[in-house]
J.: 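A single structure is presented below for examination.
Quantities reported herein were computed from a predicted structural model and do not represent experimental measurements. Counting from 1, the numbers follow the sequence of the chain as shown.
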Amino acid sequence: MARGRISRLSVRDIRFPTSLGGHGSDAMHTDPDYSAAYVILETDAEDGLKGYGITFTLGRGTEVVVCAVNALAHHVLNRDLGDIVGDFRGFYRQLTSDGQLRWIGPEKGVVHLATAAILNAVWDLWAKQEGKPLWKLLVDMDPRRLLSCIDFRYITDVLTEEEAHEILQRGQVGKREREEQMLTEGYPAYTTSCAWLGYPDATLQQLCSEALKDGWTRFKVKVGADLQDDIRRCQLIRNMIGPEKTLMMDANQRWDVPEAVEWMARLAEFRPLWIEEPTSPDDILGHAAISKALAPLGIGVATGEQCHNRVIFKQLLQAKALQFLQIDSCRLGSVNENLAVLLMAKKFDGCVSMSTTCTNTSSIL
């Protein structure tokens, strides 16, 4: 299989006017235009395959991520794809340790978003050359090869490479059956599409009804702007989906810690599985306090959509600050860093809820 030299990197600023219909709106992001910095990698191999990778944005600022991608491009151009994936850990560290660019990170913010877009394109190109979807490339990979893609720097105090290898080795038992189950039954998912905060009740009811007809059993509702409005909307949705289906809530970082606890105590009657991003994504101890306070109410804490990197996830797990990890290959450093977080979650017995922009690798573990 020809790997080829990466001869061209292009990046596009792609935006959709989702704010016009209130699509994607929440308590903190009231007018999002769902967008992406879209990276395309080409090689000189005769197969003509291209690698495509994105990082997710909300409109303004996408041009800044595009600039960051171009600033990192010299690390990729004229490199042989075989050399990159043959030492993927080294390549990941090269991107994240650029001696000048890391000053405006490190491993966070715009530079890390750009890193994710590039690495996502590399993974896509590698999977295509192997003739497999990305999830299958990962599932079929030898444990040692898989671990060679992960940078364990800063997390060895909770997970060493040998511990990770033991986890993967134990996961070989029943692996084929889990893969067959995934192919037959699919991966459990929830929908947020019917309950964006900017939707009027009529739209919410219509979309919720359609989702029920389509077979959805798990629903997430945006909360956090107005308590009485949240109570009304949650009651409306719970009445529509019934007592047996699962309801989750998402505040998108709107509250202070005491406010989060008080607010969720008022919404507990609707039996949410979790409250997502109840406070600042950087406040690890704040999440821990919220998690402890809500545990008697049977409400878990979920976060991760804006967690910078594996170190933040490490500390959230250490502090018992969450019950559901939400990893995203467009926020973290692509699949490489997702794998590190998945393995830490496995060690800590955490549940993982994957963003729509995350590659599903659960059958590995």
Side-chain angles (χ1 to χ4, degrees), residues 25-30 155 157-158 188 190 192 195-197 218-239 241 243-328 331-332 341-342 344-355:
S25 55
D26 60 57
M28 286 293 277
H29 312 95
T30 57
I155 62 172
D157 52 327
V158 300
Y190 65 81
T192 315
W196 298 114
L197 199 62
R218 302 168 182 86
F219 297 79
K220 190 170 79 175
V221 57
K222 298 289 185 175
V223 298
D226 180 272
L227 179 57
Q228 293 306 315
D229 189 54
D230 285 348
I231 292 172
R232 182 184 56 78
R233 293 170 70 251
C234 289
Q235 184 68 69
L236 190 156
I237 293 174
R238 176 53 82 186
N239 288 343
I241 68 176
E244 301 304 320
K245 293 182 174 58
T246 303
L247 182 66
M248 294 86 89
M249 299 177 184
D250 186 355
N252 289 95
Q253 314 155 38
R254 180 63 183 255
W255 302 317
D256 283 355
V257 173
E259 187 180 19
V261 175
E262 294 168 7
W263 205 296
M264 287 310 300
R266 296 290 301 277
L267 298 180
E269 63 177 295
F270 305 110
R271 297 187 296 108
L273 175 66
W274 75 52
I275 176 61
E276 181 178 339
E277 289 194 314
T279 192
S280 165
D282 299 338
D283 191 351
I284 292 154
L285 297 182
H287 276 87
I290 294 168
S291 177
K292 183 177 180 180
L294 296 184
L297 300 176
I299 302 172
V301 170
T303 196
E305 190 175 68
Q306 292 203 11
C307 283
H308 302 304
N309 50 52
R310 63 198 178 281
V311 179
I312 298 294
F313 275 111
K314 177 188 76 171
Q315 294 178 4
L316 285 165
L317 288 164
Q318 287 175 311
K320 300 180 180 178
L322 77 174
Q323 287 71 49
F324 301 92
L325 290 82
Q326 295 179 307
I327 55 176
D328 189 332
R331 171 67 60 176
L332 295 176
V341 176
L342 281 166
M344 286 192 292
K346 184 68 173 179
K347 180 177 177 179
F348 282 86
D349 294 323
C351 295
V352 178
S353 173
M354 300 188 182
S355 165

J.: Identify the heavy atoms of L297 and A265 that sit nearest to each other, and give their distance.
T.: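 Where L297 meets A265 most closely, the heavy atoms are CD1-CA, 4.0 Å.
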
J.: State, yes or no, whether a side-chain contact exists between H308 and D282 at a heavy-atom distance under 4.5 Å.
T.: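 Yes - at least one pair of side-chain heavy atoms lies under 4.5 Å apart.
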
J.: With a 3.5 Å distance limit and no angle check, can you tell me whether R238 reaches the backbone of E269 through a side-chain donor-acceptor pair?
T.: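 Absent.
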
J.: To the closest 0.5 Å, what do you measure between CD1 (I231) and CG (L236)?
T.: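 Separation between the atoms: 13.5 Å.
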
J.: Hey, can you tell me if F324 and W274 have their rings parallel, tilted or perpendicular (30° and 60° cut-offs)?
T.: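 Rings of F324 and W274: tilted, as their planes differ by 30° to 60°.
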
J.: Taking the side chain as every heavy atom from C-beta outward, state whether P278 and M264 have any atom pair closer than 4.5 Å.
T.: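 Counting from C-beta outward, P278 and M264 never come under 4.5 Å.
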
J.: N309 side chain to I312 main-chain N or O, any donor-acceptor pair under 3.5 Å?
T.: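 Looks like yes, one N/O pair under 3.5 Å.
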
J.: My understanding is that only residues two or more places apart in sequence, or in another chain, count here; which of them pass side chain to side chain contact (heavy atoms under 4.5 Å, CB included) with K292?
T.: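 In terms of side chain to side chain contact (heavy atoms under 4.5 Å, CB included), with neighbours along the sequence ignored, K292 is linked to no residue.
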
J.: Run the numbers on Q323 and S291 for side chain to side chain contact (heavy atoms under 4.5 Å, CB included), then give the verdict.
T.: CA-CA 8 Å; Q323 287 71 49; S291 177; 2.8 Å; yes

J.: Once you round to the nearest 0.5 Å, how far does CE of M28 lie from CG of L197?
T.: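 Reported to 0.5 Å precision, the distance equals 12.5 Å.
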
J.: Would you mind reporting whether E305 and R331 have side-chain heavy atoms less than 4.5 Å apart?
T.: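 R331 vs E305: side chains apart.
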
J.: Within the 4.5 Å heavy-atom criterion, are K346 and L342 side-chain neighbours or not?
T.: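 Of all side-chain heavy-atom pairs linking L342 with K346, none is under 4.5 Å.
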
J.: Closest heavy-atom contact between L317 and L322?
T.: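 Answer, listing the atom of L317 first, then L322: N-CD2, 4.1 Å.
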
J.: To the nearest 0.5 Å, how far apart are CG in D256 and CG in D283?
T.: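 Result: 9.0 Å between the selected atoms.
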
J.: Taking the side chain as C-beta and beyond, is there a heavy-atom pair between H287 and I284 under 4.5 Å?
T.: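 H287 vs I284: side chains apart.
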
J.: I need the minimum non-hydrogen distance between A288 and A321, along with the two atoms involved.
T.: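 Minimum heavy-atom separation between A288 and A321: N-CB, 3.5 Å.
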
J.: With side chain to side chain contact (heavy atoms under 4.5 Å, CB included) as the test, would you mind laying out the steps for L332 and F313 before giving the verdict?
T.: CA-CA 10 Å; L332 295 176; F313 275 111; 3.8 Å; yes

J.: Give the minimum heavy-atom separation between L294 and V261, together with the two atoms involved.
T.: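 Shortest heavy-atom contact: CD2-O, 4.2 Å.
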
J.: Checking side chain to side chain contact (heavy atoms under 4.5 Å, CB included) for the pair Q318/V158: CA distance, chi angles, key distance, verdict?
T.: CA-CA 8 Å; Q318 287 175 311; V158 300; 3.1 Å; yes

J.: At their closest point, which heavy atom of P281 faces which heavy atom of C307, and how far apart are they?
T.: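 Between these two residues, the closest heavy atoms are O-SG, 4.5 Å.
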
J.: Could you check whether any side-chain N or O of R254 sits under 3.5 Å from a backbone N or O of D26, counting only pairs where one atom can act as donor and the other as acceptor?
T.: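 No; judged by distance alone, with no hydrogens or angles, the pair does not exist.
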
J.: Per the side-chain contact (heavy atoms from CB on, under 4.5 Å) rule, which among T246, L247, I299 passes with L273?
T.: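 Filter result, single survivor: T246.
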
J.: Is a side-chain donor or acceptor of T279 paired with a backbone partner of W255 at a separation under 3.5 angstrom?
T.: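 Such a contact is found between T279 side chain and W255 backbone.
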
J.: What heavy-atom pair brings V221 and C234 nearest, and what distance separates the two atoms?
T.: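 Looking at all heavy atoms of both residues, the closest pair is CG1-SG, 4.0 Å.
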
J.: Measure the NZ-CZ distance between K314 and F348 for me, rounded to the nearest 0.5 Å.
T.: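 Interatomic distance, K314 NZ to F348 CZ, rounded to 0.5 Å: 9.5 Å.
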
J.: Can you confirm whether R266 is buried at CZ, in the sense that more than 12 heavy atoms of other residues, nucleotides or ligands lie under 6.0 Å from that atom?
T.: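 No, CZ of R266 has 12 or fewer neighbouring heavy atoms, counting only those of other groups under 6.0 Å.
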
J.: What's the separation between atom CG in L316 and atom CG in L285, rounded to the nearest 0.5 Å?
T.: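 The CG atom of L285 is 9.5 Å from CG of L316, to the nearest 0.5 Å.
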
J.: Could you go step by step and tell me if D250 and I275 meet the side chain to side chain contact (heavy atoms under 4.5 Å, CB included) rule?
T.: CA-CA 5 Å; D250 186 355; I275 176 61; 5.7 Å; no

J.: Nearest 0.5 Å, what's the CZ-CD1 distance between R232 and I237?
T.: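 Spacing of CZ (R232) from CD1 (I237) equals 10.0 Å.
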
J.: Partners of D230 by salt bridge (charged side-chain N to carboxylate O under 4.0 Å, His left out), sequence neighbours excluded?
T.: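 D230 satisfies salt bridge (charged side-chain N to carboxylate O under 4.0 Å, His left out) with no residue once adjacent residues are dropped.
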
J.: Do Q326 and E276 pair up side chain to side chain, a donor and an acceptor below 3.5 Å, judged on atom types alone?
T.: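 There is such a pair (donor and acceptor under 3.5 Å, judged by atom type) between the side chains of Q326 and E276.
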
